[in-house]
Amino acid sequence: MAMVVASSNIIHFLPASSDPPYELLRTHPSLALLSKCKSINHFKQIHSQFIKFGLHNTQFALSKLVEFCAVSPYGSLSYALSIFNSIHNPNHVIYNMMIRGYSLSSSPNLAINCYSGMLFIGLEPNSYTFPFLLKSCTKLSTANAGKQVHGQVFKFGLENDVYVHTSLINMYAQHGNLDDARMVFDKSNFRDAVSFTALITGYISRGYVDNARELFDTIPVRDVVSWNAMISGYAQIGQFDKALSLFQEMKKAKVTPDVSTLLSVLSSCAHTGGIETGNWVRSWIEEHGHASNLRLGNAMIDMYAKCGDLSMARNLFDGIQEKDLVSWNVMIGGYTHASNFRDALEIFRLMQINNVAPNDVTFLNVIPACAHLGTLDLGKWIHACIDKHYHDFPNETLWTSLINMYAKCGNIEAAKQVFSGMETKSLASWNVMISGLAMHGDASRAIELFSQMTKEGFRPDEITYVGVLSACCHGGLVNLGREFFISMMKDYNISPQLQHYGCMIDLLGKAGLFDEAMALIEQMEMEPDGAIWGSILGACRIHKNLELGEYAFKNLREVEPDNPGAYVLLSNIYAGFGKWDDVARIRTFLNDKGMKKVPGSTSIEVDSIVHEFLVSDRTHPRSDEIYRMLDEVDRLLEMAGHVPDTSEVYYDVDEEWKEDVLCQHSEKLAIAFGLISTKPGTTLRIVKNLRVCGNCHSATKMISKIFNREIIARDRNRFHHFKDGYCSCRDYW
DNA sequence: CTAGGGTTAG
């Protein structure tokens with residue numbers, strides 16, 4: 001092997017013994033230049049300085065030149081090699097620096113060649129050689145080379161050097177060979193915090209946190225990295241409480257935290273809602289001059305957002321001058337996490353204005369916001385953006401999120417397109433597609449898709465069955481619903497959860513099968529929740545069942561004492577029986593308790609802007625036009641013979657409820673605005689926060705015919721497609 | 001003259 005090759009431009013061959021005294025070399029001014037060198041061109045100038053002063057004839061200076069080229073990020077390994085090749089008899093240091101260079105490069109295997117070359121010319125490796133060589137072995141995917149190098153360590157009697165054995169432990173640990181890592185550790189006669197920590201991180205990365213902790217407790221003197229390894233280990237596996245209590249111990253031990261510590265601690269605070277510790281960390285960061293650290297800033301934003309203090313998060317976010325992608329993502333994610341979807345989209349808009357390119361994390365936080373708000377235009381724009389820039393990164397979660405968004409924004413066709421375009425479908429994608437179809441009342445397609453997914457070998461999970469059962473529920477398919485419910489338990493061993501019972505009880509109740517519904521409630525192994533009693537109560541309203549209605553109300557009030565919806569539904573039942581005294585009694589009770597019903601609101605997206613309306617809302621800038629349109633709508637409805645159904649309306653009871661009679665429900669305002677602000681024939685998509693009332697439902701059916709508009713309405717539970725005077729729910733909801 | 005252990009969003 002010819003490791004020593006003369007290079008054409010460097011022709012000096014000198015024996016090592018010609019080095020002048022180290023002191024003269026070490027203090028030479030040209031050496032100081034290297035520490036400031038930031039480019040290879042600058043290095044070449046320094047190199048010629050070395051030649052000019054005759055420094056390049058010394059092993060010392062040559063080792064410095066090779067070190068820079070091989071190790072510095074501004075160096076170049078090929079340049080290091082050309083210098084190395086010009087050296088007649090490189091010493092240990094020069095060889096070590098070449099090996100180190102390879103260990104840092106993308107071809108760590110070449111370190112081994114270099115090591116062979118060193119042996120070939122008769123140089124013995126020393127205690128510095130192996131840490132570098134072992135780092136290369138660590139980077140290799142196979143364990144073979146590492147084993148052999150371990151043999152070399154014995155051969156040269158270096159197994160008791162603490163640096164060498166730490167490198168061995170680390171190498172084995174990184175390869176997942178914890179037994180050998182432990183063996184080296186146990187056999188070594190000297191251990192410090194570094195060698196302990198190497199083994200501890202190995203245990204943690206394989207999930208053996210308890211073994212790691214056992215070891216951690218026996219470290220004689222722990223340094224900050226040991227603490228960090230253990231604290232972040234707990235955080236990684238989700239044991240955030242343990243991470244935080246260990247941090248308290250670290251404070252007691254008077255070990256100063258560094259940036260890594262603080263990042264782990266902030267993340268733990270974020271996950272546990274531990275805002276007190278979070279506040280402490282924040283003041284510590286400010287006192288110790290870390291306030292301008294971007295990563296800490298981002299972690300603090302995340303912590304405050306996840307702990308629910310969005311305004312503090314926003315203050316910190318606004319205070320960061322040089323925001324990076326993560327800053328934007330944590331702020332958007334914070335708002336989405338807190339269900340503050342409008343602000344999430346607002347930050348996203350600011351991000352566009354600031355020309356910051358989004359990534360998949362951004363989209364995963366923005367798309368659900370679009371889904372909740374029903375902003376189809378923005379959702380489409382994001383979809384186009386993903387198609388354009390991120391098609392190379394197939395991200396099933398991203399497509400699944402898009403399917404869900406299209407379904408929730410009322411464009412089920414686009415949802416189907418994204419779904420069928422997915423090359424590899426995940427269980428989650430089948431699930432969102434099925435529940436999307438269910439939401440749109442397309443029970444037959446949902447069920448068809450379910451059988452297709454099982455044919456393709458996917459095993460349905462509990463979420464799949466929530467979708468399937470809710471499809472049956474929205475389609476009124478009682479028999480099929482029963483069959484699926486049984487098959488879920490029998491064929492897939494999924495025990496029904498609250499949501500499954502909820503679907504079944506809703507389905508049975510709406511069909512008037514009260515005995516069966518109540519029997520199912522008896523059968524449940526958990527306490528029925530408010531949704532279940534609510535659906536019984538709602539079914540009692542439809543089927544005018546006063547006795548069961550009162551019973552369901554009693555139970556609902558026990559589970560959700562502060563839910564005014566229970567009183568409203570019961571009042572509806574009384575109204576259906578003409579029991580106005582009871583209606584009034586409930587009203588008085590609600591007023592005395594100061595309970596307000598959740599204000600209904602409806603939003604509509606026009607030209608990518610979301611307009612939100614409340615009952616009798618007059619705050620919109622085009623309010624006058626909207627109310628003129630509303631008058632026109634009411635006039636045409638009356639002409640077409642639309643008679644408001646007064647059975648659900650609270651006559652003579654309350655100012656707020658009177659407005660129902662005036663037909664100024666928020667959905668009608670949104671529709672009126674849609675009619676005046678879009679071209680004739682444009683589909684109107686509205687999103688309502690509550691369930692659509694009977695009056696608005698029948699009015700909207702007629703509006704769709706009179707104005708020749710398709711109106712797609714999302715309420716709390718499902719979609720209604722109004723067209724030509726009909727609704728896709730077939731008045732069953 | 002050279003060295004070993006650890007890192008943000010979902």
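Within every chain, numbering begins at 1; the chains are lettered A, B, ... in the order of the sequence lines, protein sequences first and strands thereafter. Note that this is a predicted model, so its numbers are computed, not measured.
Ranking B:dT2, B:dG10, B:dG5 by closeness to the A:V361 side chain, first place goes to B:dG10. If you check B:dC1, B:dG6, B:dT7 against the side chain of A:R295, the one that comes closest is B:dT7. Which of B:dT7, B:dT2, B:dG4 sits closest to the side chain of A:V194 comes down to B:dG4. In the set B:dT2, B:dG10, B:dT7, B:dT2 carries the atom at the smallest distance from any side-chain atom of A:Y128. For A:V326, taking side-chain heavy atoms from C-beta onward, the closest of the listed nucleotides B:dT2, B:dT8, B:dG4 is B:dT8. Nearest nucleotide to the A:N96 side chain, out of B:dG5, B:dT2, B:dA9: B:dT2.
Counting any heavy atom pair closer than 4.0 Å across all strands shown, A:V164 reaches no nucleic acid atom.
Interface remark: the A:S226 side chain does form a donor-acceptor pair with the B:dG5 base, using a distance-only criterion of under 3.5 Å. With hydrogens and angles ignored, a donor-acceptor pair closer than 3.5 Å exists between the side chain of A:D258 and the base of B:dG6. Interface remark: the A:N329 side chain does not form any donor-acceptor pair with the B:dG10 base, using a distance-only criterion of under 3.5 Å. Not a single donor-acceptor contact under 3.5 angstrom links the side-chain atoms of A:S232 to the base of B:dG6. Residue A:S167 places no side-chain atom within donor-acceptor reach of the base of B:dG4, judged by atom type and a 3.5 Å distance cut-off alone. Residue side chain A:D161 does not reach the base of B:dG4 through any donor-acceptor N/O pair under 3.5 Å, judged by distance alone.
A:N170 has a side-chain polar atom (N or O) that falls below the 4.0 Å cut-off from OP1 or OP2 of B:dG5. Residue A:Q174 places no side-chain N or O under 4.0 Å from the OP1 or OP2 atom of B:dG4. For the OP1/OP2 pair of B:dA9 and a distance below 4.0 Å, the side-chain nitrogens and oxygens of A:K306 include no atom meeting the criterion.
Remark: A:E214 does not engage A:R182 in a salt bridge, criterion side-chain N to carboxylate O under 4.0 Å.
Stacking between A:Y163 and the base of B:dA3 is present: ring centres sit under 5.5 Å apart and the planes differ by under 30 degrees.
Annotation: A:Y115 is not in aromatic contact with A:Y95 [ring centroid separation under 6.0 Å not met].
Under the side-chain hydrogen bond (donor to acceptor under 3.5 Å, both in side chains) criterion, A:T197 pairs with A:S226, sequence neighbours left out.
Among pairs with a residue in residues 326-353 of chain A, those fulfilling salt bridge (charged side-chain N to carboxylate O under 4.0 Å, His left out) read A:R342-A:E612, A:E346-A:R349, at least two apart in sequence or across chains.
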